[in-house]
Amino acid sequence: MYGSENNREDSERTAFRRAEKKYKLYYDNNASSKNKKKKQPKSVDLTEVLDFRSILQCHLQNGALPPGVIVLHDKFTSPVFSLQNHPGFYFIPGALNVEKQCSLIRESLVDFPQPPNRTNHNAMYGPVQDVFVAAKEGKVLVEDNSDSPKGWKFTTEKDASLRKCRSVSGSALLRKLRWSTLGLQFDWSKRNYEVSLPHNKIPDALCELAKQLAKPALPAGVEFRPEGAIVNYFGLGDTLGGHLDDMEADWSKPIVSLSLGCKAIFLLGGKSREDTPLAMFLRSGDVVLMARDARECFHGVPRIFTDKENAEIGHLETQLTHEDDLCFLKYIQTSRININIRQVF
Ligand code: OGA
Ligand code: MN
């Protein structure tokens, strides 16, 4: 999606690509006997994956830190970790409490994909309102050529079946939602911010949260101005290929990246795809900051874990119990959402 893999033949051979392959979801379908139908995920060796939650626990217990890991104590947030070999990279495990995680999950599904914010569905259907509600209510998007203006609209399943026109269910659209953009709109075809596109400001609460979280990556008194955000939605098997975030003007400013839902593996590489990346777990509530040198480092998400044992979303399951929340719970049980907030100029 970042158009960074056009040189595919070469990238197959890089250290970054090899790490992606190591952690990516593959299935064992040498289907020996009766289990032919049920595909089993191939087991992955996770022993080299850095786990900042357990690093935090050990550190709080006895002050210990693994080699190469540095801790900063900040009076506003939980401890902030950084890495000797990656100046400008910061990891704040569990920075978002469970209530904040839930409200961001709701917003990411209901509000953030609303026009004028763009999503991956714009290219095919134009602006689409209320995808999450439509999915919940069993609505169907139909191509309506009779009305003016022409376009795609949600209708009931019954009405859709009577029309002889192209259609797609709301639930399929929700399942295939891959990104939405807040604030200044990013144009994926040009890999650039398109300032002429209509847009709303990033919501105030998210803006304030990002400003607060950005502090450990900035010198005292320097402000972070959130101007654009990309929201990524991951389902089983979805990945984010190795890329650089290099479309913003000022690389001293951090990208503030929030993780929600299922656990993932994040790869932090170097300035070349030949540098072997470091793998680390990202859990719901974790926050990553990438500033300065780290802005020039390849990174990506080769894997999310949607199985009960590894998703590690028990705290969300106990929180999202209200009847109105069950639709969010159902979605997030097999999904991950990443919100990354940027100062563009
Ligand atoms: C991005 C990105 C990381 C993540 O969207 O540019 O790097 O954790 N996301 O999903
Ligand atoms: Mn990125």
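This one's a predicted model, so the numbers in the text were calculated from it and none came from an experiment. Remember, it's 1-based here, ligands and their atoms both numbered in the order they're listed. Just the heavy atoms: all of them, side chains too, but no hydrogens, waters or symmetry mates, feed the values below.
Taking the Mn ion (ligand 2) as reference, the nearest N/O/S atom within Asp245 carries the name OD2.
Atoms of ligand 1 found under 4.0 Å from any heavy atom of Leu282 (numbered from 1 in listed order, with element): 8 (O). Shown in contact with Asn232 at under 4.0 Å from a heavy atom are these atoms of ligand 1, numbered in order with element: 1 (C), 5 (O), 9 (N). Applying the 4.0 Å criterion to heavy atoms of Leu240 picks out, from ligand 1, the atoms 1 (C), 2 (C), 3 (C), 5 (O), 7 (O), 9 (N). Distances below 4.0 Å separate heavy atoms of Phe234 from the following atoms of ligand 1: 10 (O). Close approach of ligand 1 to Asp245 (heavy-atom distance below 4.0 Å) involves ligand atoms 6 (O). For ligand 1, the atoms sitting less than 4.0 Å from at least one non-hydrogen atom of Arg342 are 1 (C), 6 (O), numbered in the order shown with element in parentheses.
No side-chain heavy atom of Leu104 sits less than 4.5 Å from a side-chain heavy atom of Ile337.
Applying the side-chain hydrogen bond (donor to acceptor under 3.5 Å, both in side chains) test to every pair with at least one member in residues 120-142, sequence neighbours left out, gives these pairs: Gln114-Asp130, Glu137-Lys139. The stretch residues 84-94 participates, sequence neighbours left out, in no salt bridge (charged side-chain N to carboxylate O under 4.0 Å, His left out) pair at all.
Taking a cutoff of 4.0 Å between a charged side-chain nitrogen and a carboxylate oxygen, Arg106 and Asp325 qualify as a salt bridge. Checked for salt-bridge contact, Arg283 and Asp51 meet the test: a charged N lies under 4.0 Å from a carboxylate O.
Of the listed options Asn338, Thr239, Ile339, Asn338 places a heavy atom closest to atom 4 (C) of ligand 1. For atom 7 (O) of ligand 1, the nearest non-hydrogen atom from the set Met247, Arg336, His299 belongs to His299.
Side-chain atoms of Glu227 come within 3.5 Å of backbone N or O of Phe345 as a donor-acceptor pair. Panel note: side chain Asp307, backbone Asn310; a donor-acceptor pair is recorded below 3.5 Å.
Taking distance alone, with nitrogen or oxygen atoms compared against 3.5 Å, His243 approaches ligand 1 more closely than that limit.
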